[in-house]
Structures are given as structure tokens and as C-alpha cells.
Participant: 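Quick one: the structure is below, and I'll ask about it shortly.
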Amino acid sequence: MKEKTRVREVLAAPAAGARYVVKGWVRTVRVGKEVAFIALNDGSCLASLQVVATPALANYEEVSRSGTGAALEVSGTLAASPAAGQRYELQAEEITITGAADEAYPLQKKRHSFEYLRTIAHLRPRSNTFGAVFRVRSSLAQAIHRFFAERGFLYVHTPIITASDCEGAGELFRVTTLDLAHPPLVAGEVDYAGDFFGQATGLTVSGQLEGELFAMAFSDIYTFGPTFRAENSNTSRHAAEFWMIEPEIAFADLAADAALAEEFFRYLCRHVLDHCGEDLAFFNEHIDRGLIERIGNVADSAFAMMEYSEAVERLKRAPVAFEFPVEWGLDLQAEHERYLTEQVVGGPVFIVNYPKEIKAFYMRQNDDGRTVAAMDLLVPKVGEIIGGSQREERLDLLTTRMEEVGIAPADLWWYLDTRRWGSCPHAGFGLGFERLIMYLTGMENIRDVIPFPRTPRHAEF
RNA sequence: UCCCCAAUAGCUCAGUCGGUAGAGCAGGUGGCUGUUAACCACCUUGUCCCUGGUUCGAGUCCGGGUUGGGGAGCCA
């Protein structure tokens, strides 16, 4: 095969005149008798390359009839475009139709609803919006690894399959090789002793507990991988399979945790502004006007911090009627979080030190005896985007707390061992990758920032 | 899981008071043109989500269901 040049590179050429081979998919064709214009896109950037075809081509008739979606290989010479709309165009000398696309091609050169595009998720990456979404997603994933690598963090692959169902409150997907029609039974219950792992197992809902084990050896670590929740959640912000970033830092307290989260979040805002400009401009114009300004503000401003107790007081004094009650000891609802970040602060804000009753067992108990060292980062438009805490490193307090909330310490003996030998203050947080992408693109549905979304009743593709 | 809304051509949608279905895009034909999701003319395309009911008559009103969307809870 002839070596190709990406459209992105061709469009960035210093001058016209060179010959190129470009391969991609047709976005639109505008046909005439003496000339046809083909917008060719290969996903390397948002812009398409204008290919100019003339009847001099042996297969001009065929080429001019190729519709939106067809795959073409074009050899030609780059020329300065005489018309407005593009700097360069490729004067085709030879065009091969690699894969034709007829009128049944579901992606037309017009606006489609996101709902419809979800039903053709195998083709939607060829659209402008989803091309931009998945380029930004890829770029952000690499930026996340770079951020941690620059700071000496160890990247750890925590297990996908887990036997501990007390990691969090999330419902586990079951992993089994048992014959579901005829499972082995003992006293009417399924006997997992005969299952593949000899015990009940499921897909992970968090890599945090294993991450803590590695932090107790490598000091600063992070995980970045898929996570699964079998919750029957039908919202624009929940998926059954999503990706999560979970750093864990040893010899660190909640303040250090929040400082890391802020540096991390601002780094990623700065990253898309500096590296995804074309796609961001597209989102800013078509999806969310004000996006670039909002991201820029976050990248440049220090984040506020507010005690949970103060947040409750502010909400109580708020001159608005909330649907849910505000009382010390109750969890903050989405409407409360939005009010705090959008109205009270007008920017990102950490809420810290929550009542221990509404938070997980592993969070470090504060000296007041009623709060734990937890933090949530709230951002305008989205609400909670990061949740983290300092972990309880004191063995006696941790085991007591586990018993209080009904988690058998024996099941997590390995977790408790880190508190038994060489324990130290440590902290970490979790960032939902898709929610980050939503925040940085303005896309409002999690199903539209993950290639093939898994949600209740949906595992197509 | 709960609340609300929606479902009409391949896609995006309109459809008045209940009177028998329409536009744009896509597709076809022709024209025109260095075009810019080109343009102009003509043409083709319907299980009006399913089901039951009210009615002389239902895309339209009512009941049940399915699917999708928005919101809430759970959370990331």
C-alpha cells in the first residue's frame, strides 16, 4: 500500500506544491460536470481536506457518484485553494474507491440527534461531534498518565475481578462459570465453592483498596481503568461500565489530597485548552457556548474550600427553596451541591469534613468524634466530580468502625494488615473519567462520551 | 426504582377543532455551477410505536404496554 499522510499533517503543510497520498472517508460530495469537490476526513482532526476531482480522472463518473461515507484513497498535489473556506486543497490525480457507501448509509450529511446516533454507535465516531469527543478523550487519557509520570507516581493495574463485595456501596456484577440453569446448591443457596474461583466474585467497583496496598510500598500511585456498577441507574451521568482515575498518596493528609486534586484538575483543564483547541472551539460553538471561558477560569483560579458544617449553614440561609431538607447530618443533594458551587462560590469548591455516618468506613475519623476527613470537589454545571478522603490508618479505630457498619474485618484481613505493619497517614481520591470529559467538552450525556456505553438494558456493539 | 415528557417518511420535524398525512434533508431524473452540510426544477418514499376502547370517523381523545428522553435517588 502507498504510504499515506494524515489530513491533519497535510493541512498543516508549510506550503503547497508537494504530492500526497491521503486516505479517509467522504463527508460530502459536491458534483458538477467539470469538477467535483469531496470533503475527505480521516479522523486525525476535525477539519476535512477538500479533494478536487476533474473528468481527467479515469473513474471520474464513479468517483463523483460516491456518496457520504465512502472510503477513498487519493493521490494528488497540494494546491493553494482559490476559494474561501480552506487554505489548501488536494488536486486529485488518482482516486481509488476502497469501500463504497450507498444511500442506505445511516450517517447523512446533516444534523442528527444524539439519541439516534447512539443507535448507530458503530458509525457515530465518523461524525464531527463524536470525532471531537473521542479525540479529546484520547488526549486526556494520555495527559493523565503524563501528569502522574511527571510527579513520580507509580501506575498500578488493580484487579478487574474481585471477591470483596464490601469495597463500596455499589452493586456488583457477578462473575461466574457456574451453569446458571443448574447451579450447585447447599441448603437452597448457590454453592460458590464449586465456582471458578472457589468463592463468589464480581467485577470491581473501585481499585482503591488495592491502590492503598501499593501506596504503602511505592508512596505515590494511581490507577486508571474500567470500573463496574450494577446499579439500575437511568440518568445522563451514570453508566454500568466507566473509567476511573484513583491516585493514592502515602504520608499525606486531607490538605495534601485536596492540593493534588486541584493541581490535577487544573492541569487537565490547561491541557485541553493547549492541545485540543480545534475540537474545543467546535464544542464551544455547537455544544456549549461559554465552555472555553469556563475551563479557562478553572485553569487559572485557586479552588475554594468549605467545611461541610459551613456549607449546611450557607444552604440554610439560602434565599431559595430546596426540594430536599438541609440539616447537619444529612447528605448534600445534587441541588445543594449545584447551589454551593454555582451561587455561593461561583467556581470549583472543595467541601470537607463530612459527618461520618454518611461516608465510607475507611475514611479517617476527625478529633471532633463526629466527622471524617472526606472531601468532594464540586464544579459548576456538573456538581460533584471528585470524591476523596484521608484514610483511617489507625488499626483499632478502623476495625471498630468496620464492626459498627457491619463489615467483617476478617474478610479484609489483607487491607487491615497495612495498618498493622508500617501504617502511615495516607489519602486519595477518585475522578470519573467520563464526567471529566463531559465537563471539558460540554457534552451532557455520559452515553455520548464513552465509545460504546453500557447502561441498563444496553450492551450493544 | 420513582416522577414528568415524547414516539408521524431512511433522518430532522410540522400536522389546527377528531374528517382519512406534509415540509426540509437523503435518494432518483434533469439543469446549472470553483463548490463550501452548494443551488434550481420535477419525482419516489408511511405498520402515524404496539394493544384495547370511545366515535359515523382516531396521527389527534381515553386505558394498558413497549421504547426513548429529561429529572430524582444511588454514585464517579
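The structure displayed is predicted, hence computed values, not measured ones. Each chain gets a letter, A, B and so on, in the order the sequences are listed, and its residues count up from 1.
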Participant: Does a distance-only test, which skips hydrogens and angles, find a donor-acceptor pair under 3.5 Å between the side chain of A:Glu34 and the base of B:U33?
Facilitator: no

Participant: In whole angstrom, what separates A:Asp448's CG from B:G70's C1'?
Facilitator: 14 Å

Participant: Output side-chain donor-acceptor pairs under 3.5 Å for residues 15-24 of chain A, partner residues at least two apart or in another chain, one line each.
Facilitator:
residue : atom : partner : partner atom : Å
A:Arg19 : NE   : A:Glu93 : OE1          : 3.0
A:Arg19 : NH2  : A:Glu93 : OE1          : 2.6
A:Lys23 : NZ   : A:Lys2  : O            : 2.8

Participant: Does A:Lys109 place a side-chain N or O at less than 4.0 Å from the phosphate oxygens OP1/OP2 of B:A38?
Facilitator: yes

Participant: Return the value, rounded to whole Å, for the distance between atom CD of A:Gln86 and atom P of B:A38.
Facilitator: 12 Å

Participant: Report yes if a side-chain nitrogen or oxygen of A:Gln333 is closer than 4.0 Å to either non-bridging phosphate oxygen (OP1 or OP2) of B:A72; otherwise report no.
Facilitator: no

Participant: Measuring from the side chain of A:Ala334 (C-beta onward, heavy atoms only), which nucleotide among B:U36, B:G34, B:A72 has the closest atom?
Facilitator: B:A72

Participant: Quickly work out the A:Leu332 CG to B:G73 C1' distance and round it to whole Å.
Facilitator: 15 Å

Participant: Restricting to nitrogen or oxygen on both sides, can you table the protein-nucleotides 65-67 of chain B pairs closer than 3.5 Å?
Facilitator:
none

Participant: Can A:Arg229 be said to sit on top of A:Phe173's aromatic six-ring, NZ or CZ under 6.0 Å from centre and within 45° of the ring axis?
Facilitator: no

Participant: Using a 4.5 Å cut-off on heavy atoms from C-beta on, say whether the side chain of A:Thr162 contacts that of A:Leu209.
Facilitator: no

Participant: For nucleotides 11-13 of chain B, which of its nitrogen or oxygen atoms have a protein nitrogen or oxygen under 3.5 Å away, and what is each distance?
Facilitator:
residue : atom : partner  : partner atom : Å
B:C11   : O2'  : A:Lys110 : NZ           : 3.0
B:C11   : O2'  : A:His112 : ND1          : 2.9
B:C11   : O2   : A:Lys110 : NZ           : 2.6
B:U12   : OP1  : A:Ser113 : OG           : 2.9
B:U12   : O4'  : A:Lys110 : NZ           : 2.9

Participant: Under the ring-ring contact (aromatic ring centres under 6.0 Å, His included) definition, can you give me all pairs with a residue in residues 59-113 of chain A, not counting sequence neighbours?
Facilitator: A:His112-A:Tyr116

Participant: Expected output is a numbered-order residue list: members of residues 136-143 of chain A with a heavy atom under 4.0 Å from any atom of RNA chain B. What is it?
Facilitator: none

Participant: Are A:His336 and A:Phe322 close enough that their ring centers fall under 6.0 Å?
Facilitator: yes

Participant: Can you run down the salt bridge (charged side-chain N to carboxylate O under 4.0 Å, His left out) pairs that involve residues 445-454 of chain A, sequence neighbours left out, and say none if there aren't any?
Facilitator: A:Arg118-A:Asp448, A:Arg124-A:Asp448

Participant: Would you mind reading off the distance between A:Met363 atom CE and B:C75 atom P, rounded to a whole angstrom?
Facilitator: 10 Å

Participant: Tell me whether the side-chain N/O atoms of A:Thr28 come closer than 4.0 Å to OP1 or OP2 in B:A38.
Facilitator: yes

Participant: Side-chain polar contacts of residues 238-246 of chain A - donor-acceptor pairs under 3.5 angstrom, sequence neighbours left out - could you list them?
Facilitator:
residue  : atom : partner  : partner atom : Å
A:His238 : ND1  : A:Thr235 : OG1          : 2.6
A:Glu246 : OE1  : A:Gly207 : N            : 2.9
A:Glu246 : OE2  : A:Ser206 : OG           : 2.9

Participant: Let me check something: any side-chain donor-acceptor pairs from residues 47-58 of chain A under 3.5 Å, sequence neighbours excluded? List them with distances.
Facilitator:
residue : atom : partner : partner atom : Å
A:Ser48 : OG   : A:Asn41 : ND2          : 3.4
A:Gln50 : OE1  : A:Arg30 : NH2          : 3.2
A:Gln50 : NE2  : A:Glu89 : OE1          : 3.1
A:Thr54 : OG1  : A:Ala56 : N            : 3.4

Participant: Provide the distance between the two C1' atoms, one in B:U8 and one in B:A58, to the nearest whole Å.
Facilitator: 14 Å

Participant: What I want to check is whether an N or O donor and acceptor connect the side chain of A:Ser233 with the base of B:C74 at under 3.5 Å.
Facilitator: yes

Participant: State whether A:Asp257 and A:Arg391 are salt-bridged, where the test is any N-O pair (Lys NZ or Arg NE/NH1/NH2 against Asp/Glu carboxylate O) under 4.0 Å.
Facilitator: no

Participant: Among A:Arg370, A:Met375, A:Glu307, which one satisfies side-chain contact (heavy atoms from CB on, under 4.5 Å) with A:Asn353?
Facilitator: A:Glu307

Participant: Centres of the A:Tyr439 and A:Phe265 rings: under 6.0 Å?
Facilitator: yes

Participant: Look at all strands and tell whether A:Phe324 reaches a base, only sugar-phosphate, or nothing, counting heavy atoms closer than 4.0 Å.
Facilitator: sugar-phosphate

Participant: Using atom CD1 of A:Ile38 as one end and atom P of B:U35 as the other, report the distance to the nearest whole Å.
Facilitator: 17 Å

Participant: Hey, is the side chain of A:Arg30 poking within less than 4.0 Å of OP1 or OP2 on B:U35, counting only N and O atoms?
Facilitator: no

Participant: Based on Watson-Crick and G-U pairs with both distances under 3.5 Å, what dot-bracket line describes RNA chain B 5' to 3', crossing pairs as [ ] and inter-strand pairs as |?
Facilitator: (((((((..((((.....[..)))).(((((.......))))).....(((((..]....))))))))))))....

Participant: Taking only heavy atoms on the protein side, list every residue of residues 119-133 of chain A lying under 4.0 Å from any atom of RNA chain B, sorted numerically.
Facilitator: none

Participant: Any protein N or O atoms within reach of nucleotides 40-49 of chain B? Criterion: under 3.5 Å, listing atom names and distances.
Facilitator:
none

Participant: Can a side chain N or O of A:Arg27 be found less than 4.0 Å away from OP1 or OP2 on B:U36?
Facilitator: no

Participant: Any side-chain heavy atom of A:Thr201 sitting closer than 4.5 Å to one from A:Arg174?
Facilitator: no

Participant: Whole Å only: how far is the CZ atom of A:Phe322 from the P atom of B:A72?
Facilitator: 13 Å

Participant: Using whole Å, what does the distance between atom P of nucleotide B:G70 and atom CZ of A:Arg447 come to?
Facilitator: 6 Å

Participant: Taking for each residue the nucleotide of RNA chain B with the nearest heavy atom, is it A:Gly432 or A:Asn232 whose nucleotide lies nearer the 5' end?
Facilitator: A:Asn232

Participant: Got a donor-acceptor contact below 3.5 angstrom from the A:Ser64 side chain to the A:Glu61 backbone?
Facilitator: yes

Participant: Return the 5'-most residue of the pair A:Glu384, A:Gln91 with respect to RNA chain B, ranking by each residue's nearest nucleotide.
Facilitator: A:Gln91

Participant: Does NZ or CZ of A:Arg151 come closer than 6.0 Å to the centre of the six-membered ring of A:Phe147, within 45° of the ring's axis?
Facilitator: yes

Participant: So do A:Leu78 and A:Val10 actually touch side chain to side chain, heavy atoms under 4.5 Å?
Facilitator: yes

Participant: Could you check how far CG of A:Asn234 sits from C1' of B:G70, rounded to whole Å?
Facilitator: 12 Å

Participant: Of A:Leu378, A:Leu377, A:Ile385, which is the lone residue that meets side-chain contact (heavy atoms from CB on, under 4.5 Å) with A:Thr341?
Facilitator: A:Leu378

Participant: Taking the six-membered ring for Trp, are A:Phe224 and A:Phe433 parallel (under 30°), tilted (30 to 60°) or perpendicular (over 60°)?
Facilitator: perpendicular

Participant: Using 30° and 60° as the class boundaries, would you call the ring planes of A:Phe148 and A:Phe153 parallel, tilted or perpendicular?
Facilitator: tilted

Participant: How long is the straight-line distance from CG of A:Leu172 back to CD of A:Glu231, given to the nearest 0.5 Å?
Facilitator: 10.0 Å

Participant: Can you check whether A:Thr98's main-chain N or O pairs, donor with acceptor, with A:Thr96's side chain at less than 3.5 Å?
Facilitator: no

Participant: Among residues 236-248 of chain A, which residues get a heavy atom nearer than 4.0 Å to RNA chain B?
Facilitator: A:Ser236, A:Arg237, A:His238, A:Ala239, A:Phe242, A:Met244

Participant: Once you measure the plane-to-plane angle for A:Tyr222 and A:Tyr155, does it fall in the parallel (<30°), tilted (30-60°) or perpendicular (>60°) bin?
Facilitator: parallel

Participant: Ring-plane angle category for A:Tyr308 and A:Trp328, please: parallel below 30°, perpendicular beyond 60°, tilted otherwise.
Facilitator: perpendicular

Participant: Closer than 4.0 angstrom, basic N to acidic O: yes or no for A:Glu404 and A:Arg401?
Facilitator: yes

